[in-house]
Structures are given as C-alpha cells and as structure tokens.
Amino acid sequence: MTTIISVIIPVFNGEKTIKETVDSVLNQTFTQFELIIINADSTDSTLEIISQIQDSRIKIFSYPQANVAVNRNRGFHHSIGEFITFIDADDLWTPDKLEAQYNALLENPKAAVVYSWTKCIDENGKSLSITWPRVQWTGDVYEKFLLFDFIGSGSNAMIRRNALEVTGLFNESLSNAQDSDMWIRLAASYDFIVVPQPQILYRISPISMSSDFVGFEKSALQIITRAYNHPKAASFQHLKHHSIANLYKYLSYKSLNVPPGKQKTLQVLKVLIKSITTDLKLIKKPIIYKAFLKLLAMTLLPPEWAKSLFNKFPKFANTSTFLGYGKTP
C-alpha cells in the first residue's frame with residue numbers, strides 16, 4: 001500500500017494516553033498512512049504498550065530524551081509521505097481527520113497547510129467548556145498569525161512535505177510554542193486552507209495548564225520579534241503591540257485556569273499587570289477585576305473552599321475571555 005501521509009507522534013512517559021491516541025490514528029477512514037512513533041527514552045510502560053499494537057503501518061524509533069521540536073524533527077527524517085501531520089501523545093482525532101484534510105489540500109493545490117477546528121477534553125476524555133475559536137481564515141493568513149495562533153496546537157495541521165523542506169523544521173532552540181513558530185513561518189510563504197469541522201480533541205490537564213508559562217512567555221516574545229522582523233511584516237508593524245497584548249491575555253487565561261492551590265500567585269499577578277499595561281482598555285472591563293478576585297480567592301482560601309466557590313459560581317470562575325482570539329485590543 002502506497003504511503004501518502006506520514007503521521008508523527010512524539011512521546012515521553014505517555015502510558016496513560018498513548019494507546020488511545022494511537023487508536024484514534026489507526027481508526028482513520030483514510031488508510032494510506034504510516035504512523036511514526038518517536039519514543040523519547042520513556043521510563044514508564046510506554047514502549048511496552050506501543051510495541052504490543054499490531055499494525056504494519058506503525059514504525060517505532062527510540063531516542064534520548066529531548067524537547068518536542070527535536071522529536072517531531074526526528075520523526076520527519078524517518079517519514080516518506082507527501083503530506084506530514086503530527087499528533088501529541090495525549091490528544092485525539094476524529095476518524096475523518098486525515099481524509100478531510102487530505103481532500104482539502106487536493107482541492108486547493110495553492111495551499112500548503114490545512115487546519116481543522118479544536119475541541120478541548122479533560123484527562124478522562126470528557127468535553128470541556130473551554131473553546132478554541134472556530135475561525136475560517138484561508139489564503140494569506142500571515143497578518144492573522146501575527147495576532148493569534150488560531151491553529152492552537154501541534155496536533156492539528158497537515159502540511160505538504162515540500163513546504164516543510166523549504167521552510168525548515170521545528171525550531172529546536174525554543175523551549176515552548178514551537179508549533180506557533182512553525183505556523184507563522186509557513187504562513188510567510190504559503191497559503192492555508194481550513195476544514196470547518198471540530199476534528200482535534202485537545203487534552204487539557206492540571207499539569208499542562210500549570211506548566212512553565214514563564215518559559216512560554218520567553219519563547220512567544222522571541223517568536224513575535226522574529227515575525228515582525230520578517231519582510232512580510234513590513235506593513236504590519238502597527239500591530240506589534242496588539243500581538244504582545246494578546247500574548248499576555250492568553251497567559252492570564254492560562255495561569256488562572258488551574259486547580260485552586262496549583263496557581264503560582266506572583267507569576268499570575270505579573271501577567272495580569274502586563275495584560276493591563278499592554279492594553280489599558282482592560283481597566284474599563286469587568287473581566288480584569290474578576291480575574292484579580294479569582295486570584296485572591298485562590299490565594300487566601302483553602303483549595304477545597306475555592307473549588308467549591310468556583311463550582312457554585314462558574315461565571316465568576318470563567319476567565320477564558322482573556323484569550324484575545326486574534327482581535328486587536
């Protein structure tokens with residue numbers, strides 16, 4: 001069977017979710033793919049689990065531990081497909097993801113990248129109220145990416161192989177947001193197309209939500225700086241402060257949507273203040289005061305009390321509107 005699409009999964013200690021993720025790939029309606037799994041020196045039962053899955057399309061490679069950019073690049077070097085797509089070891093796809101995206105690229109030969117919509121799920125696979133914007137931006141989307149990464153994760157896009165070869169692979173020097181960096185570099189040269197269907201199930205856990213958002217801030221600022229230094233951005237310089245404002249809105253949302261007791265209060269306070277200083281209009285919006293009250297409750301109340309309060313008043317606890325969704329402040 002001819003391999004048309006290469007699917008790449010980087011994994012490190014993914015024993016809790018890797019089987020479900022692999023199954024969501026193997027159950028695709030489009031079958032002409034190879035599944036390359038890069039095991040990054042897992043110390044749990046990950047390798048044992050994936051080794052027991054019997055499917056001739058699966059190719060397993062083990063390497064020393066490294067960041068996700070390195071492991072995605074390792075997978076690419078083993079791939080042979082004309083089209084490349086990635087999925088993280090805790091995310092899922094709907095069964096028609098590959099088929100719909102592949103057909104979209106066939107029908108739009110000028111496009112090099114196709115993306116779908118995303119639904120968020122929790123650790124148990126249950127749908128969350130957290131939503132990612134369902135935009136339908138196509139063609140030249142560079143200006144959109146300057147303001148907001150609307151693709152949302154590395155588990156989404158399908159890319160023509162030759163576009164990756166020309167643009168270059170994932171930036172291994174970045175500690176975070178390597179996928180956002182990839183999308184904006186591709187957008188500088190290629191058109192995008194969308195499949196307007198929720199096909200990516202993006203798993204959010206307390207660990208992922210409370211991850212190193214200081215490192216994310218550093219990487220994102222580097223990406224913004226490089227993007228605005230690109231010749232493509234010459235006419236978009238007036239948007240740079242909006243890009244930075246949207247970054248801090250996202251960081252505020254991310255840092256506040258962790259279980260009570262897991263927040264890093266001083267870091268949250270810092271990004272909230274940055275959100276205000278980069279977008280003074282927030283002072284007039286109730287959301288900023290709700291955010292400070294939520295942080296106060298999370299800091300002063302015992303975690304169980306705070307959790308009970310947020311469950312009783314979910315609208316008070318919801319700060320997801322901090323996410324700028326690509327709009328200027």
Hey, what do you get for [atom1] ([X]) to [atom2] ([Y]), rounding to the nearest 0.5 Å?
X    : Y    : atom1 : atom2 : result
L98  : T85  : CG    : OG1   : 6.5 Å
I121 : D91  : CD1   : CG    : 7.0 Å
S155 : D90  : OG    : CG    : 7.0 Å
D88  : I8   : CG    : CD1   : 12.0 Å
S189 : Y142 : OG    : OH    : 9.0 Å
L256 : M298 : CG    : CE    : 6.0 Å

Identify the heavy atoms of [X] and [Y] that sit nearest to each other, and give their distance.
X    : Y    : answer
I38  : H78  : CD1-CD2, 4.2 Å
A104 : I193 : CB-CG2, 4.3 Å
F12  : D41  : CE1-O, 3.7 Å
P10  : V68  : CG-CG2, 3.8 Å
K110 : D191 : O-CB, 3.8 Å
S275 : L282 : O-CD1, 3.4 Å

Under a single-linkage definition using a 4.5 Å side-chain heavy-atom cutoff for Ile, Leu, Val, Met, Phe, Trp and Tyr, are [X] and [Y] assigned to the same hydrophobic cluster?
X    : Y    : result
I159 : V141 : yes
V7   : L169 : no
W93  : L105 : yes
I9   : I4   : yes
I60  : F86  : no

Within the side chain of [X], is there an N or O that forms a donor-acceptor pair under 3.5 Å with the backbone of [Y]?
X    : Y    : value
Q28  : K97  : yes
N108 : A111 : no
N171 : Q178 : no
S219 : N176 : yes
T21  : L92  : no
W117 : V194 : no
T46  : E15  : yes
S6   : S79  : no
D181 : A177 : no
N124 : K126 : no

[X] and [Y]: side chain donor to acceptor below 3.5 Å:
X    : Y    : answer
T94  : K119 : no
N39  : S42  : yes
T2   : Q32  : no
R226 : N229 : no
Q199 : D96  : yes
T43  : N13  : yes

How about [X] and [Y]: do any of their side-chain heavy atoms sit closer than 4.5 Å?
X    : Y    : value
I184 : I223 : yes
Y289 : I287 : no
I288 : I283 : no
Q101 : V114 : yes
L269 : I273 : yes
F33  : V25  : yes
F61  : I37  : no
T31  : R57  : yes

With a 6.0 Å cut-off (strictly less than), is the heavy-atom count around [atom1] of [X], excluding the residue itself, greater than 12?
X    : atom1 : result
K232 : NZ    : yes
L266 : CG    : no
K270 : NZ    : no

Determine, for [X] against [Y], whether the closest basic-nitrogen to carboxylate-oxygen distance falls under 4.0 angstrom.
X    : Y    : value
D279 : K284 : no
K254 : E217 : no
E34  : K59  : yes

Within the 6.0 Å centroid threshold, strictly below: Y250 and F148: no

Tell me, with the steps shown, if T29 and E99 meet side chain to side chain donor-acceptor pair (under 3.5 Å). CA-CA 6 Å; T29 55; E99 182 175 7; 2.5 Å; yes

Using salt bridge (Lys or Arg N to Asp or Glu O under 4.0 Å), reason through R203 and E20 one step at a time and then give a plain yes or no. CA-CA 12 Å; R203 197 183 301 270; E20 190 178 8; 3.2 Å; yes

So, is the end of the R161 side chain (NZ or CZ) under 6.0 Å from the ring centre of F76 and within 45° of the ring's axis? yes

Parallel, tilted or perpendicular: which fits the ring planes of [X] and [Y], with parallel below 30° and perpendicular above 60°?
X    : Y    : answer
F192 : Y115 : tilted
W183 : F170 : perpendicular
F83  : Y102 : perpendicular

side-chain contact (heavy atoms from CB on, under 4.5 Å) with I18: which of L47, I53, V11? V11

Could you go through L164 and M182, starting from their C-alpha distance and side-chain angles, then the distance that decides it, and tell me whether this counts as side chain to side chain contact (heavy atoms under 4.5 Å, CB included)? CA-CA 9 Å; L164 274 175; M182 172 61 77; 3.7 Å; yes

I'd like to know whether Q197 forms a side chain to side chain donor-acceptor pair (under 3.5 Å) with S116, so could you lay out the CA-CA distance, the side-chain angles of the two residues, the decisive distance to 0.1 Å, and finally the verdict. CA-CA 6 Å; Q197 300 173 31; S116 304; over 6 Å; no

For ring pair (Phe, Tyr, Trp, His ring centres under 6.0 Å), just list the numbers for Y228 and F236, CA-CA rounded to whole Å, side-chain angles, deciding distance to a tenth of an Å, and then say yes or no. CA-CA 8 Å; Y228 279 96; F236 301 134; 8.1 Å; no

Candidate pair D149 and K144, rule salt bridge (Lys or Arg N to Asp or Glu O under 4.0 Å), full reasoning: CA-CA 8 Å; D149 175 4; K144 302 296 186 182; over 6 Å; no

